[in-house]
K.L.:
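Got a structure for you, questions after.
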Amino acid sequence: MLTKEAKTVLYHMYKEYLVRRDNKVPRAQAKDFGAAESIHALLFPDWYLEDIEDVLRELDRNNFVNALYSSDTIHDCCLLYTSDAADE
């Protein structure tokens, strides 16, 4: 079960993914969100960066994102499940 914060982050990441797809961004690029700092700046500037990192770790543990770690932070984060996942 995801926390309310994790559901919120996942919702906004997916919403951004859909905007990217509507703008003809290739699927692989649309689901890549980069570092935790990028997600923080783009979607949650009012949150603490540490909270974003914690929520992304939760989403990674629950297989909603794939996160790559470096220097105790998330270096790259990618959505795993998207609406057009069946296209692969």
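Values in this document were obtained by computation on a predicted structure and should not be read as measured data. Note that the numbering runs from 1 along the sequence shown for the chain.
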K.L.:
What closest approach, in Å, do K7 and M1 show between heavy atoms, and which atom pair accounts for it?
P.N.:
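Taking K7 first and M1 second, the nearest heavy atoms are NZ-CE, 3.8 Å.
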K.L.:
Looking only at heavy atoms, what is the nearest atom pair of R21 and P26, with distance?
P.N.:
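Reported closest heavy-atom pair: NH1-C, 3.6 Å.
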K.L.:
With a 4.5 Å limit on heavy-atom distance, are the side chains of E5 and W47 in contact?
P.N.:
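They are in contact (side-chain heavy atoms under 4.5 Å apart), so the answer is yes.
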K.L.:
Taking all atoms of both residues into account, what is the closest heavy-atom pair of I39 and G34, and its distance?
P.N.:
CD1-O, 4.3 Å
K.L.:
Looking at every non-hydrogen atom in both residues, tell me the closest pair between D60 and A67 and how far apart they are.
P.N.:
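The answer is OD1-N, 3.5 Å.
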K.L.:
Specify the closest pair of heavy atoms between L43 and P45, including all atoms of both residues, with the distance to one decimal.
P.N.:
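What the structure gives for the nearest pair is C-CD, 3.5 Å.
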K.L.:
Once you round to the nearest 0.5 Å, how far does CE of M13 lie from CG of L79?
P.N.:
4.5 Å
K.L.:
On a heavy-atom basis, which atom in V65 and which in L56 lie closest, and how many Å separate them?
P.N.:
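Looking at all heavy atoms of both residues, the closest pair is CG2-O, 3.8 Å.
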K.L.:
Taking I52 as the starting point, is it possible to reach L68 by hopping between hydrophobic residues whose side chains are less than 4.5 Å apart?
P.N.:
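As far as the 4.5 Å side-chain criterion goes, I52 and L68 are not connected within one cluster.
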K.L.:
So does Y11 have more than 12 non-hydrogen atoms from other groups sitting under 6.0 Å from OH?
P.N.:
no
K.L.:
CD of E50 to NE2 of H40: how many Å apart, nearest 0.5 Å?
P.N.:
8.0 Å
K.L.:
Within this structure, what is the CG-NZ distance for the pair L10 and K15, rounded to the nearest 0.5 Å?
P.N.:
13.5 Å
K.L.:
Less than 6.0 angstrom separating the ring centers of H12 and F44, yes or no?
P.N.:
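Between H12 and F44, the centre distance is under 6.0 Å.
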K.L.:
Check whether any side-chain heavy atom of E58 lies under 4.5 Å from a side-chain heavy atom of F64, and answer yes or no.
P.N.:
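Sidechains of F64 and E58: no contact.
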K.L.:
Measure from NZ or CZ of R20 to the centre of the six-membered ring of F33 and say whether it is under 6.0 Å with the direction within 45° of the ring axis.
P.N.:
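Pair R20/F33 counts as cation-pi.
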K.L.:
Determine whether I74 and L42 fall in the same hydrophobic cluster, where Ile, Leu, Val, Met, Phe, Trp and Tyr are linked whenever their side-chain heavy atoms lie under 4.5 Å apart.
P.N.:
yes
K.L.:
Mind checking the OH-CG spacing from Y48 to D54? Nearest 0.5 Å is all I need.
P.N.:
14.5 Å
K.L.:
Rounded to the nearest 0.5 Å, what separates atom CG in L18 from atom NZ in K31?
P.N.:
13.5 Å
K.L.:
Say you draw a straight line from SG of C77 to CG of N66; how long is it, rounded to the nearest 0.5 Å?
P.N.:
8.0 Å
